[in-house]
Amino acid sequence: VDGAKIPEGKPGKPQYGRGEISARVAPAFTAILTKPFPPSGAPIKFDRILYNGQNGYNPATGLFTCQIPGVYYFAYHVHIKGTNIWVALYKNNVPATYTYDEYKKGYLDQASGSAVLELKQHDQVW
């Protein structure tokens, strides 16, 4: 980073907690869907919010709206039983990644997906 200076300490070693964005201002959220089979083709409106730093995630719309531009990591995990699933992660209504899982009769299955996305202010992810 242009103009960055390493604080006192060992040369070249990162000094944790002294960065521009700390955990107190980091936009992040963790949410759970407790009801099965959300509507397809629309953002998932998680009904149990465990953490919503900076209130970037809106549970009424299912959208995460970026307020601090930067590089973000999104991850999701689903449990499946009784149907096939196809999950997409969208950035500004454009698919960024897909996850597909085919149901095997009688089994509980899991699927996961993740993406690293560069976001500008007001970009939306769902």
Chemist: Quick one: list whatever passes side-chain hydrogen bond (donor to acceptor under 3.5 Å, both in side chains) with His122, sequence neighbours left out.
Modeler: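 Testing His122 for side-chain hydrogen bond (donor to acceptor under 3.5 Å, both in side chains), a comparison that skips the adjacent residues, returns none.
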Chemist: Quick one: closest heavy-atom pair of Pro43 and Gly62, and the distance?
Modeler: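 Pro43 and Gly62 have their closest heavy atoms at CB-O, 3.7 Å.
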Chemist: From Phe64 CZ over to Asn58 CG, what is the distance, rounded to the nearest 0.5 angstrom?
Modeler: 11.5 Å
Chemist: Which residues satisfy the side-chain hydrogen bond (donor to acceptor under 3.5 Å, both in side chains) test with Asn92, sequence neighbours excluded?
Modeler: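 For Asn92 the side-chain hydrogen bond (donor to acceptor under 3.5 Å, both in side chains) partners, ignoring immediate neighbours, are Asp123.
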Chemist: Could you go step by step and tell me if Phe37 and Thr83 meet the side-chain contact (heavy atoms from CB on, under 4.5 Å) rule?
Modeler: CA-CA 9 Å; Phe37 308 115; Thr83 188; 3.3 Å; yes
Chemist: Can you tell me how far apart CD1 (Ile68) and CG (Leu119) are? Round to the nearest 0.5 Å.
Modeler: 11.5 Å
Chemist: Can you tell me if Gln67 has over 12 outside heavy atoms packed within less than 6.0 Å of its CD?
Modeler: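 More than 12 heavy atoms, drawn from other residues, nucleotides or ligands, come within 6.0 Å of this atom.
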Chemist: Check for me, please, whether Val125 and Ile49 land in the same ILVMFWY cluster - side-chain distances under 4.5 Å, paths through other members count.
Modeler: yes
Chemist: Is the shortest heavy-atom distance from the side chain of Tyr76 to the side chain of Ile44 under 4.5 Å?
Modeler: no
Chemist: Not counting sequence neighbours, which residues clear side-chain hydrogen bond (donor to acceptor under 3.5 Å, both in side chains) with Ser112? List them please.
Modeler: His77
Chemist: Over 60° means perpendicular and under 30° means parallel, so classify the ring planes of Phe29 and Phe46, tilted if in between.
Modeler: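 Rings of Phe46 and Phe29: tilted, as their planes differ by 30° to 60°.
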Chemist: What heavy-atom pair brings Lys35 and Asp47 nearest, and what distance separates the two atoms?
Modeler: CE-OD2, 3.5 Å
Chemist: Report yes if the side chains of Trp86 and Ser40 come closer than 4.5 Å at any heavy-atom pair, otherwise no.
Modeler: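 The answer is no, as the side chains (C-beta and beyond) never meet within the 4.5 Å cut-off.
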Chemist: Which atoms form the tightest heavy-atom contact between Cys66 and Tyr72, and what is the distance?
Modeler: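 Residues Cys66 and Tyr72, closest heavy atoms: SG-OH, 3.7 Å.
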Chemist: For the atom pair CD1 (Ile85) and OG1 (Thr99), what is the distance rounded to the nearest 0.5 Å?
Modeler: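 The CD1 atom of Ile85 sits 7.0 Å away from the OG1 atom of Thr99.
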Chemist: Please report the shortest heavy-atom distance between Ser114 and Tyr73, naming the atom on each side.
Modeler: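 Looking at all heavy atoms of both residues, the shortest contact is CB-OH, 3.4 Å.
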Chemist: To the nearest 0.5 Å, tell me how far Ile80 CD1 sits from Tyr103 OH.
Modeler: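 That separation rounds to 11.0 Å.
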Chemist: How about Phe74 and Thr97: do any of their side-chain heavy atoms sit closer than 4.5 Å?
Modeler: no
Chemist: I need the single residue from Gln121, Gln124, Gln54 that forms a side-chain contact (heavy atoms from CB on, under 4.5 Å) with Thr65. Which is it?
Modeler: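 Only match with Thr65 under side-chain contact (heavy atoms from CB on, under 4.5 Å): Gln124.
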Chemist: So if you build clusters from Ile, Leu, Val, Met, Phe, Trp, Tyr with side-chain heavy-atom gaps below 4.5 Å, do Trp126 and Tyr57 land together?
Modeler: no
Chemist: Measure from the side-chain N and O atoms of Lys45 to the backbone N and O of Pro38, and report whether any donor-acceptor pair falls under 3.5 Å.
Modeler: no
Chemist: Looking at every non-hydrogen atom in both residues, tell me the closest pair between Leu108 and Lys81 and how far apart they are.
Modeler: CD1-CB, 3.9 Å
